[in-house]
Amino acid sequence: MVATHTDLNTDTLLWMYETMVVIRRFEEQARREADAGKLRGMHSSIGQEAVPTGICAHLRVDDYVLGTHRSHHHCIAKGVDMSEMMAELLGKATGTNKGKGGTMHIADIDKGMLGANGVVGSNIPVATGVALSAKIRGSDQVTAVFFGDGASSQGSLHESMNLASIWKLPVLFVCENNRYAEATPFEYAVAGGSVSNRAPGYDMPGVVVDGQSVLDVFEVAREAVRRARAGEGPTLIEAQTYRYQGHFGADDPLGYRTQEEEDYYEARDCIANLRAHIVGSGDTSEADLDAIDRKALSAVEAAAKFANDSPFPEDDELTTDVYVAYP
Amino acid sequence: MVQAQSVRQLSFIQAVNEALRQEMERDESVFIMGEDIAGGAGRPDKEDAWGGPMRLTKGLIAQFGPERVRDTPISEAGFMGAGVGAAATGMRPVVDLMYVGFLGVCADQILNNAAKIHYMFGGKVKIPLTIMTGIGAGTNSAAQHSETLYSVFTHFPGLKCVVPSSPYTAKGLFASAIRDDDPVIIFNNRQLMGMRFDDDVPEEPYTVPIGKATIAREGTDITLIGIGYTTRVCLQAADDLAAEGYSPEVIDLLSLSPMDNAAILESVRKTRKIVIVDEDYPRCSIATDISALVAEEAFDYLDAPPKRVTPPHTSVPYSRSLEALYVPDRAKVVAAAKEALE
Ligand SMILES: Cc1ncc(C[n+]2csc(CCOP(=O)(O)OP(=O)(O)O)c2C)c(N)n1
Ligand SMILES: [Mg+2]
């Protein structure tokens, strides 16, 4: 198998555009479902679409991604079925996790999505183990684990970076630095004002990238994935990005950040950016992109319909899946 | 009339907030640490953006400042351990562990250090640490954010564990915990935070003793044991049972370690039947502990085997349809009680 989109050709550009638009429409729909009371809430990834999109462009179906509490965008970029995701959000039997996991735990092993995770920092060691497994099995599979700026303060990251480095594991540590952990500003919580500068201490490359530019993320990921696949070891990527909405939905982000800051990031929106780039560079027209937009919207509408029409799990599902076997 | 005027109703959240404020006023060595207990850290104009995820600590930073109301990075092992160290050396830290499921991140500090230092050091060092943490299912939050887990902590010698069931007991237990010289963990069920209560919460500081249960409703036919939120469930079930002509007694356990064995035994020797209602996992739990206590110490008085109403041995499901089956509710308690009664 070859990587899906190694070269930055029109095909790749359009895949990235469509992926980001689909993520945004999905999140908007999910928010509507939450507002209608069908789920308690969710961590929206709107604003951060470019990060997993630029990374996952380089990943194969059999590569792995692990995420966080805010992971709808990781799942979509890795190819998880949107209808099953939406059904999971609504706790339906047809969901990716049969309704047992919900918004913070979406997983689809067949697509290489080894799960979102509600405990901050918890997935980073797991990802390290997934990469270890690939190495032991002699496979060239690559693992990317996403985490937030807040998670960078967990010991789990530091222990994992050290392990991955001494064992030269094929893993990408991808920090989505959206400047806040809940209501805590990054500059308060992270000593030295940088996540990427943790890397030299663990003897691996640490790269800062503009997370609002999917093209920049794509370039950085190309090298990190190449390095991992070649057995040269891990990379830490700090993608500077921004979540447009509140932490979980109900909170008002202006309680802890400013309108000017929000305006600054929204003016550098990743989707608008890429759209301008594509149109400016030639063979794709605004109308072509509009068609992609419409396609994305109807795919999300279909997902919502599927989810809403699906049944809740049978009662006996409460006690299944606790064990593989428990005689 | 006079009495009606003096009744002051607070929410659970307000009661906790008041206890923290009063204990900090009372004792300069008390300080609080946790994630977003103020919010907007380092930005004076944005200070107290949250006041805690459940607003339990709202307004405290304005009164006591960021030295004593300390927002932390997401580093539970680090700041829980820092709480242990500060407690060992003259401070009375209150550490907020947002959800009890995050125990896993800082278990070493709680279980190996907070619990054991006093014993291992021959009683020469005290750890007057208070940990407050959120528990409970019923909020559509899935397996990692809905646990109860207090039974795990009661397993460990050296830790005290309390579970408030109302604003009144919350305020008094917080005061007791903070003044106590041992590590005390306060388990706050999230469902209580949205409920209305009509009990009177005195404005002046008071304590509810650690290690004592209270009788939430007196009766003679059957004992229902409630813990925190399940005390509310027991009281509802008691209404239903009373409507059917029974006289149920509800014990509000409040303290799991130490546990008020005497109160449980006294009640069950009177009623001769017991239903224990516990939201924690059913294996090796406080409910099994109580069941064993009653079987060992009151066997001859029992008219029916002790009954436990708990979730099944499974993680907490996300789907609301399944979660509704998971949490002990009024109907399940009534059904269990009637089995014992009939
Ligand atoms: C171990 C742990 N501590 C605390 C929390 C509560 N919590 C959920 S998300 C979050 C903030 C995470 O910030 P960051 O890592 O920057 O990710 P972001 O939300 O910005 O995507 C916190 C504190 C948690 N889920 N797990
Ligand atoms: Mg963040």
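First the proteins, then the strands, lettered A, B, ... as listed; each starts at 1.
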For the interface with chain A, which of B:Val105, B:Leu322, B:Val316 has the highest count of heavy-atom pairs at distances below 4.5 Å? B:Leu322

Best-contacting candidate, B:Ala41, B:Gly40, B:Pro317, B:Ala142, against chain A by heavy atom pairs under 4.5 angstrom: B:Ala41

If the cut-off is 3.5 angstrom, what donor-acceptor pairs do you find between chain A and chain B?
residue: A:Gly37; atom: O; partner: B:Arg320; partner atom: NH1; Å: 2.6
residue: A:Arg40; atom: N; partner: B:Asn140; partner atom: OD1; Å: 2.9
residue: A:Arg40; atom: NH1; partner: B:Ser141; partner atom: OG; Å: 3.0
residue: A:Leu89; atom: O; partner: B:Tyr318; partner atom: OH; Å: 2.6
residue: A:Gly91; atom: O; partner: B:Ser319; partner atom: OG; Å: 2.6
residue: A:Gly99; atom: O; partner: B:Ser319; partner atom: N; Å: 2.9
residue: A:Lys100; atom: O; partner: B:Tyr318; partner atom: N; Å: 3.2
residue: A:Asn117; atom: OD1; partner: B:Gln144; partner atom: NE2; Å: 3.1
residue: A:Gly118; atom: N; partner: B:Gln144; partner atom: OE1; Å: 2.8
residue: A:Val119; atom: N; partner: B:Gln144; partner atom: OE1; Å: 3.3
residue: A:Ser153; atom: O; partner: B:Ser75; partner atom: OG; Å: 2.8
residue: A:Gln154; atom: NE2; partner: B:Glu76; partner atom: OE1; Å: 2.8
residue: A:Tyr180; atom: OH; partner: B:Arg43; partner atom: NH1; Å: 2.6
residue: A:Tyr180; atom: OH; partner: B:Arg43; partner atom: NH2; Å: 3.3
residue: A:Ala183; atom: N; partner: B:Asp36; partner atom: OD1; Å: 3.3
residue: A:Ala183; atom: O; partner: B:Gly40; partner atom: N; Å: 2.7
residue: A:Thr184; atom: N; partner: B:Asp36; partner atom: OD1; Å: 3.2
residue: A:Thr184; atom: OG1; partner: B:Asp36; partner atom: OD1; Å: 2.6
residue: A:Glu187; atom: OE1; partner: B:Arg43; partner atom: NH2; Å: 3.4
residue: A:Glu187; atom: OE2; partner: B:Arg43; partner atom: NE; Å: 3.1
residue: A:Glu187; atom: OE2; partner: B:Arg43; partner atom: NH2; Å: 2.9
residue: A:Tyr188; atom: OH; partner: B:Asp71; partner atom: O; Å: 2.6
residue: A:Leu254; atom: O; partner: B:Lys46; partner atom: NZ; Å: 3.1
residue: A:Tyr256; atom: O; partner: B:Arg43; partner atom: NH1; Å: 2.9
residue: A:Arg257; atom: O; partner: B:Lys46; partner atom: NZ; Å: 3.2
residue: A:Leu318; atom: O; partner: B:Thr314; partner atom: OG1; Å: 3.1
residue: A:Tyr323; atom: OH; partner: B:His313; partner atom: NE2; Å: 2.8

Taking ring-ring contact (aromatic ring centres under 6.0 Å, His included) as the test, write out the residues that go with A:Phe173, two or more places apart. none

List the atom of B:Ile74, the atom of A:Ala151, and the distance in Å for their closest heavy-atom pair. CD1-N, 4.3 Å

